[in-house]
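Residue numbers start at 1 and run along the sequence shown.
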Amino acid sequence: MLRLFHIPAIFILTLDLTLKYIVILGDTITNLLISLKLRSVGKNNFKYQSLASISGTTFLKSQIYTKETYHAMICRCFDENYTPVIKHKFKLKYIWHIIVIIIYLLFYFFSEGYFL
């Protein structure tokens, strides 16, 4: 979609990876907070230590995720070209598929007694 507005491919790739990593790291932070909450009993006076621990763990996990993504891109022969998805044109055979689906639906509704 963004290629239609002549936005460079590297910008689209960066935006795509950024949004994916925001979601992944958000899930990581949520899981870390839940695990911290389950392990904590009573009042915690060392909140900054917990915050630093979660921040450090998230940073280390982001480095691991980055290395895994880099190696996966190398394994898949990524060549820095971000090609858009090719749109499929409507073909005549799709009309036959639609007609068959409509016939099946009509048969189902008549057999169940909805049109009687």
query: Would you say the side chains of Thr66 and Tyr21 form a donor-acceptor pair under 3.5 Å?
result: no
May I ask whether [X] and [Y] are part of the same hydrophobic cluster, defined by side-chain heavy atoms of I, L, V, M, F, W, Y residues being less than 4.5 angstrom apart, directly or through others?
| X | Y | answer |
| --- | --- | --- |
| Ile103 | Ile95 | yes |
| Ile29 | Leu51 | no |
| Tyr70 | Phe78 | no |

message: Looking at every heavy atom in both Leu17 and Thr69, which two are closest together, and how far apart are they?
response: CD2-CG2, 4.5 Å
- request: Please lay out, stage by stage, how Ile99 and Trp96 fare under the test side-chain contact (heavy atoms from CB on, under 4.5 Å).
  value: CA-CA 5 Å; Ile99 291 172; Trp96 291 110; 4.3 Å; yes
field: Partners passing side chain to side chain contact (heavy atoms under 4.5 Å, CB included) against Ile34 (at least two apart in sequence or in another chain)
entry: Thr30, Leu38
field: Short side-chain to backbone donor-acceptor contact, Thr57 and Ile54, under 3.5 Å
entry: no
field: Ser55 side chain vs Ala52 backbone, donor-acceptor pair below 3.5 Å
entry: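 Answer holds: no.
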So how far is it from [X] [atom1] to [Y] [atom2], rounded to the nearest 0.5 Å?
| X | Y | atom1 | atom2 | value |
| --- | --- | --- | --- | --- |
| Leu25 | Leu32 | CG | CG | 10.0 Å |
| Ser50 | Lys37 | OG | NZ | 14.0 Å |
| Asn31 | Thr58 | CG | OG1 | 10.0 Å |
| Phe11 | Asp16 | CZ | CG | 11.5 Å |
| Leu15 | Ile10 | CG | CD1 | 12.0 Å |
| Ile24 | Lys61 | CD1 | NZ | 11.5 Å |

message: Are more than 12 heavy atoms, taken from residues, nucleotides or ligands other than Gln49, located less than 6.0 Å from that residue's CD atom?
response: no
- request: Please assess Leu19 against Val23 for the test side-chain contact (heavy atoms from CB on, under 4.5 Å), listing each intermediate value before the final yes or no.
  value: CA-CA 7 Å; Leu19 292 175; Val23 171; 6.0 Å; no
